[in-house]
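Here is the naming used below: chain letters follow the sequence lines, and residue numbers restart at 1 for every chain.
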Amino acid sequence: MDTSEGAPAALNVTGELTIFTAATLKQTLLDTIAQAASEEIDIDLSEVSEIDTAGVQLMIMAKREAAILGKNLRLVRHSDPVLDMIDLYDLSRFFGDPLLIRNSN
Amino acid sequence: MNLDDALKTFIIESRELLEGMEGALLSVEQAPDDADLINAIFRAAHTIKGSAGLFGLDHVVRFTHDAENVLDRIRGGKLRFDSELVALYLEIRDHISTLIDGVEEGCAPDSAVLARGETLTARLKNLDTGSTAKTDDNTTHSVVAGPSDDHVERVGERSPDSAETENWHISLRFGSEVLRNGMDPASFIRYLTTFGRIVKIVTLTDTRRRW
C-alpha cells in the first residue's frame, strides 16, 4: 500500500471477492480507508478472479464509508467478473467510476 | 457453507417437501377444494424447481416445470383433483424423489429414469387435451382456456397507474442471512434470465444500516 503524501492510497484486491473472503476483506478495506493519508483512495480490482453479491456489498460499503470520512474512493481496473456483476445489478451509475469498455468478443 | 453443503441442504429440503407433498396428496382426494393442501403440493414442486435451477439441475427443472404448470391450473380452479389425478401426482412425486436420489449419488439419470419421466410428462399433457375434449359434459374439472406452457409467477403487483406492458415486474427482497446460507441473489437473477430478458433492474443499496 502506497501512503506517500499526495499520491492516492491504493489497495489491490486479488483472487476471490466473495462471501468466503468478505470478513477479512471488509476489515482490510475499512483499515485502508481509515488510515489513508490521502483523500484519494484507489481500489484496484484487476486481479479479482471471482465476485459474488457479498463482494458487491463490500464495494458499496467501501464507497459509503469513504464518503462518510470525506474521502474519494475509486474502483479502478475492474476485471471481467467484476464488470459482469456491476452489469447484472446495473450499479455502474451508483459506483460512478469510469469503466473500460470491453471488446464484445 | 460451501457448494456441497448447499447441495446437501437442497437434497434434505427436497425430501422434506416431497414428504409433505405426499401427505397433502393423500388428504386432497377427500378434500379436493382445500386451498391449503393444494398450495402445499404446488409449493413443494415450485420450490424444488427453483432450487434445482440454482444448482443447474436442468433435468429436475424440466420435469418439475410441467408438473408445476398443471398444479398451477388446479390452484386457479381450472382443473380439480380427482382420484386419477392424485394417483398421477403420487407417481410424479415418486419420480422427483428418484431424481433427487440421483442428485445425491452424483449421477445423471439413466435411460430408464428418463423414459419414466417422459411417460409421466406425456400423461400430464394428455390430461390437458383429454379434459379439453370433455368440455361438453360440463364437469367441474373441464379446462377453461389453459395457459401457455411458459409461465412465470408474478411476485410483485403491477401498480394500477403504470402503463400496461407485457413485462413482469418482480420485486425481490432477500433475507440478511441469504449469502451465509449458501445462496447468492445473483444466481437467482441469472436463473430468471433463463425465462426471459431483464429489461431493467434497480438495485436498492440504501436499505441497510451502517456496517
Side-chain angles (χ1 to χ4, degrees), chain A residues 15-34 41 43 45 48-71 73 75 78-97 99, chain B residues 1-10 13 50-57 152 155-156 159 162 165 167-211:
Chain A
E16 274 188 48
L17 181 49
T18 68
I19 185 71
F20 300 106
T21 55
T24 319
L25 269 172
K26 178 184 167 190
Q27 204 48 54
T28 311
L29 280 165
L30 290 176
D31 291 347
T32 303
I33 295 163
I41 304 162
I43 308 293
L45 302 172
V48 173
S49 57
E50 199 183 326
I51 180 168
D52 66 4
T53 301
V56 176
Q57 288 180 313
L58 278 182
M59 295 197 295
I60 295 171
M61 177 208 73
K63 271 277 178 193
R64 287 243 176 89
E65 200 61 27
I68 288 165
L69 298 177
K71 296 176 181 177
L73 180 140
L75 303 171
H78 310 70
S79 67
D80 278 354
V82 176
L83 289 175
D84 285 342
M85 202 56 137
I86 290 177
D87 267 359
L88 183 73
Y89 281 120
D90 197 14
L91 282 170
S92 57
R93 202 151 21 134
F94 169 83
F95 287 121
D97 302 298
L99 303 176
Chain B
M1 185 185 265
N2 59 30
L3 188 65
D4 279 352
D5 288 339
L7 193 61
K8 271 182 209 145
T9 306
F10 163 70
E13 280 178 356
S51 305
L54 296 175
F55 291 102
L57 301 166
V152 179
V155 180
S159 65
S162 74
T165 72
N167 300 334
W168 293 88
H169 176 100
I170 300 174
S171 173
L172 293 169
R173 185 184 292 261
F174 291 91
S176 58
E177 295 299 304
V178 66
L179 280 149
R180 230 172 254 137
N181 292 338
M183 146 90 180
D184 187 346
S187 311
F188 189 90
I189 294 164
R190 290 208 178 90
Y191 176 58
L192 278 181
T193 64
T194 65
F195 293 101
R197 192 167 61 87
I198 294 178
V199 180
K200 184 166 174 54
I201 190 162
V202 178
T203 305
L204 302 179
T205 55
D206 56 356
T207 49
R208 274 202 61 162
R209 61 183 186 280
R210 236 189 117 187
W211 338 80

CA sep, side-chain torsions, deciding dist, call: Thr203(B), Phe94(A), side-chain contact (heavy atoms from CB on, under 4.5 Å)
CA-CA 9 Å; Thr203(B) 305; Phe94(A) 169 83; over 6 Å; no

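- One N or O on the side chain of Thr28(A) and one on the backbone of Thr24(A) form a donor-acceptor pair closer than 3.5 Å.
- Comparing Thr53(A), Thr18(A), Asp90(A) by heavy-atom pairs within less than 4.5 Å of chain B, the highest count is held by Thr53(A).
- If you look at Phe174(B) and Phe188(B), their ring centroids are closer than 6.0 Å.
- Without hydrogens or angle criteria, Ser79(A) side chain to Val48(A) main chain gives a donor-acceptor distance under 3.5 Å.
- Contact of Leu88(A) with chain B is made through backbone and side chain together, with heavy-atom distances under 4.5 Å.
- For a residue to count as touching a neighbouring chain, one of its non-hydrogen atoms must lie under 4.5 Å from one of that chain's; by this rule Tyr89(A) touches chain B with backbone and side chain alike.
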